[in-house]
Amino acid sequence: MKTKFFPLTALALSFLILSCGTKEKAPATRKLRYRTAATGLNSCPLKFAQSGLCADLQWTQGPTVDGESAFEVSFWASGNGSSSKLTEPTGQVGAFIRMTCCGSVFFPKVTKVSEGKYLVSNVKFTPGKWEVYIQLKNGNAVEKQFVSVNLDE
């Protein structure tokens, strides 16, 4: 009977010995993709037609799943043709992020920096596809525009 179990025991013991000396793989580097329209003369990356405004966002931190992310949003008059002269939107400026697969929503902190410029901070992502929304609310009128963010694992 001992001879029947010997090959099985030897095989298990060899797997155990071989696996002890192997190195752990380094964590995979996350791939980041996000889309915004081109900036510059005559561009309007995020168009708020009802308000007559254009906006653009610039990441100041991230976007990342390894910590908090943050970005600035700048507004200017759409007829102006360029983002050189910022314009303060009427109503309330808001922001939220939404995961496209399941609809999970997160509301970051929005702070006015200066005339026509806002900081959106405390943005927290998990790996996956997201939409970063900028919202203008004036009474019952609500306008939303978004930027797609894809944080692969």
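By the rule that hydrophobic residues join a cluster once side-chain heavy atoms approach within less than 4.5 Å of another member, Val120 and Leu86 end up as members of separate clusters. By the criterion of side-chain heavy atoms lying less than 4.5 angstrom apart, applied directly or through intervening Ile, Leu, Val, Met, Phe, Trp or Tyr residues, Leu136 is grouped together with Val110 in one hydrophobic cluster.
The minimum heavy-atom distance between Gly62 and Ser69, with the atom names listed, is CA-OG, 3.9 Å. Contact detail for Val73 and Ala55: the closest heavy-atom pair is CG1-CB, 4.2 Å. Smallest separation of non-hydrogen atoms from Pro127 and Val65: N-CG1, 3.5 Å. The shortest non-hydrogen separation linking Lys117 to Ser74 is CE-OG, 3.5 Å. In plain terms, the two heavy atoms of Leu151 and Pro63 that are nearest each other are CD2-O, 3.9 Å. Closest approach of Trp59 and Ala70 over heavy atoms only: CE3-O, 3.4 Å.
In this structure a side-chain-to-backbone donor-acceptor pair under 3.5 Å is present from Thr100 to Lys129. Distance alone, capped at 3.5 Å, places no donor-acceptor pair between the Gln50 side chain and the Glu143 backbone. Looking at Glu68, its side chain never comes within 3.5 Å of a backbone N or O of Ser121 through a donor-acceptor pair. A donor-acceptor pair is defined here as one N or O able to donate and one able to accept, closer than 3.5 Å; no such pair exists between the side chain of Ser43 and the backbone of Pro45. Between the side chain of Ser78 and the main chain of Cys54, no donor-acceptor pair closer than 3.5 Å is present.
Lys109 NZ: 12 or fewer foreign heavy atoms inside a 6.0 Å radius.
With side-chain heavy atoms closer than 4.5 Å counting as contact, directly or through intermediates, the hydrophobic cluster containing Val113 also holds Leu119.
Looking at residues two or more places apart in sequence or on another chain, you find no salt bridge (charged side-chain N to carboxylate O under 4.0 Å, His left out) involving Lys47.
Of the candidates Gln145, Arg98, Lys144, Glu131 forms a side-chain hydrogen bond (donor to acceptor under 3.5 Å, both in side chains) with just one, namely Arg98.
Classification of the Trp130-Phe125 ring pair by plane angle, with boundaries at 30° and 60°, yields perpendicular. By the 30° and 60° cut-offs, the orientation of the rings of Phe107 relative to Phe96 is tilted.
Residues Tyr118 and Ile134 are not in side-chain contact: their nearest non-hydrogen atoms beyond the backbone lie 4.5 Å or more apart. Using a 4.5 Å heavy-atom cutoff, the side chains of Phe71 and Val147 are not in contact. Residues Leu46 and Phe75 fail the side-chain proximity criterion, which asks for heavy atoms closer than 4.5 Å.
Separation of atoms CD1 (Ile97) and OH (Tyr133) is listed at 12.0 Å; rounding is to 0.5 Å.
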